[in-house]
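These numbers come from the heavy atoms of this one structure, side chains and all, not from hydrogens, waters or symmetry mates. Here the structure is a predicted model, which means the values were calculated and not measured. Counting starts at 1 for both ligands and their atoms, in listed order.
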Amino acid sequence: MDSIVFQAPRILEIGGGTVARTAALLARLGFSRPLIVTDPFMVSSGLLLRLTGPLRDVGIEFDVFSDTIPEPTDVIVIEGVKRIKPEHDCMIAFGGGSPIDTAKAMTILAAVGGAMRDYKVPASADTAALPLIAIPTTAGTGSEATRFTIITDTAHDEKMLIAGLGALPLAAIVDYELTFSVPPRITADTGVDSFTHALEAFVSRRATSFSDALAISAMRLIGANLRVAFHEPGNAAAREAMMLGATQAGMAFCNASVALVHGMSRPIGAHFHVPHGLSNAMLLPAVTRFSLNAALPRYAEAARLSGFAAADDADQLAGAKLVNGLDELNAELGVPTPGKFGIAAADWHSKKSLMAEQALASGSPANNPRVPDHAEIVALYEAIYG
Ligand SMILES: NC(=O)c1ccc[n+]([C@@H]2O[C@H](COP(=O)([O-])OP(=O)(O)OC[C@H]3O[C@@H](n4cnc5c(N)ncnc54)[C@H](O)[C@@H]3O)[C@@H](O)[C@H]2O)c1
Ligand SMILES: [Fe+2]
């Protein structure tokens, strides 16, 4: 019998207001001098005070590196590493996937040195200089629960997938109250990202009974709540469900991997600076249509779980409803095609072959139910340009 290896953070503290309990978590883990990694908006908006206020109240000294950028690069990671001091005994990442991924890369690079490129898959980045506590403010990448970080190689315009235990947070605080301020566009993009994690983990060739349980729960939660959170930013029940779903989807794909959508999405982000969730959304209907018949029962089940199909729809019908439903969801969430996003046709077509090579090299397409070749990936890029 094949064994299952399941990797996850040691502690998840989940619930509204739990960010105020960070000091108690640090004490439990034996840490007292964190370096906080976040982004400029968290500072300017005051959201960071939800973390730093309670830390100050109990006299915990900390430093803040707040210069992270969306879709982080190797350059910013090097800047971050310079801010690690000998007295720091842990890092706290506070923000969306970008600050969390930056902190992960910082702790990996600080452990052994070299260049970020040295750590991209198929290398295994298993060592970390400092343990990481992740506090997500989007719902979300699930990065708080994954052993992945995605860093752009600026010299080669490549979004590198870096995987290993060094990128797995020791603990995470999952507090949905931090997401009320997320604007609708980012709610949509991050929510589609988490749905894609759950769906790709569920149809992945590397899915297991453990990852399935989490993917199933995540698809139910996200399917029922994504539109609500998008239209009603203050809806607490929807925000809470999205946060739970995002973390569960992260745990699912941490162990089952993502597949073709993510493989094709990273090159779009690297070359054209499309936010990660948005490039996933651009691809999701077409890639699902391409893959459908290679795992029809799984896609049909996903459609029923996430509300695209009725509980008693047969597989063929449920699969068709999934593909149409994903198109309709994109329309409702205002997802543009790459063309409508403003990418010039000549640029898109001149990059499509390279993007297909980079997608294949990431390894993610090999987990897809239907494994594409280079020409099929190019054809998919052509089909979605719009
Ligand atoms: N490591 C993984 O497993 C994994 C998985 C998926 C995606 N990613 C990566 O994560 C990154 C994307 O992360 P993201 O989608 O969370 O976006 P992000 O971290 O780039 O944030 C996007 C924007 O939202 C703002 N924001 C964040 N939280 C907010 C809040 N509570 N209120 C208002 N504004 C807020 C940020 O300031 C930023 O301007 C990409 O680099 C992607 O490649 C990583
Ligand atoms: Fe993702």
In this structure, atom 36 (C) of ligand 1 is nearest to the protein heavy atom D39 OD2, 3.3 Å
of all protein heavy atoms, closest to atom 18 (P) of ligand 1 is S98 OG, 3.4 Å
At a non-hydrogen distance cut-off of under 4.0 Å, which region of [X] contacts ligand 1 (side chain, backbone, both, or neither)?
X	value
T141	both
H276	side chain
F41	side chain
D189	neither

Please determine whether any non-hydrogen atom of [X] lies less than 4.0 Å from an atom of ligand 1.
X	answer
K159	yes
R266	no
G142	no

Excluding water, the protein N, O or S atoms sitting under 2.8 Å from the Fe ion (ligand 2) are D193 OD1, H197 NE2, H262 NE2, H276 NE2
Compare all side-chain heavy atoms of I150 with those of T141 and state whether any distance is below 4.5 angstrom.
no
> Run the salt bridge (Lys or Arg N to Asp or Glu O under 4.0 Å) check on R298 and D212 step by step: do they pass?
Replying inline: CA-CA 10 Å; R298 285 243 154 190; D212 281 354; 2.9 Å; yes
Exercise. Before signing off on this row, confirm whether S181 and ligand 1 have an N or O atom pair separated by under 3.5 Å.
Key: yes
* Asked: Is a donor on one side and an acceptor on the other found under 3.5 Å between the side chain of Y381 and the backbone of K351?
  -> no
(request) May I ask you to check whether F341 and F272 place their ring centres under 6.0 Å from each other? (result) no
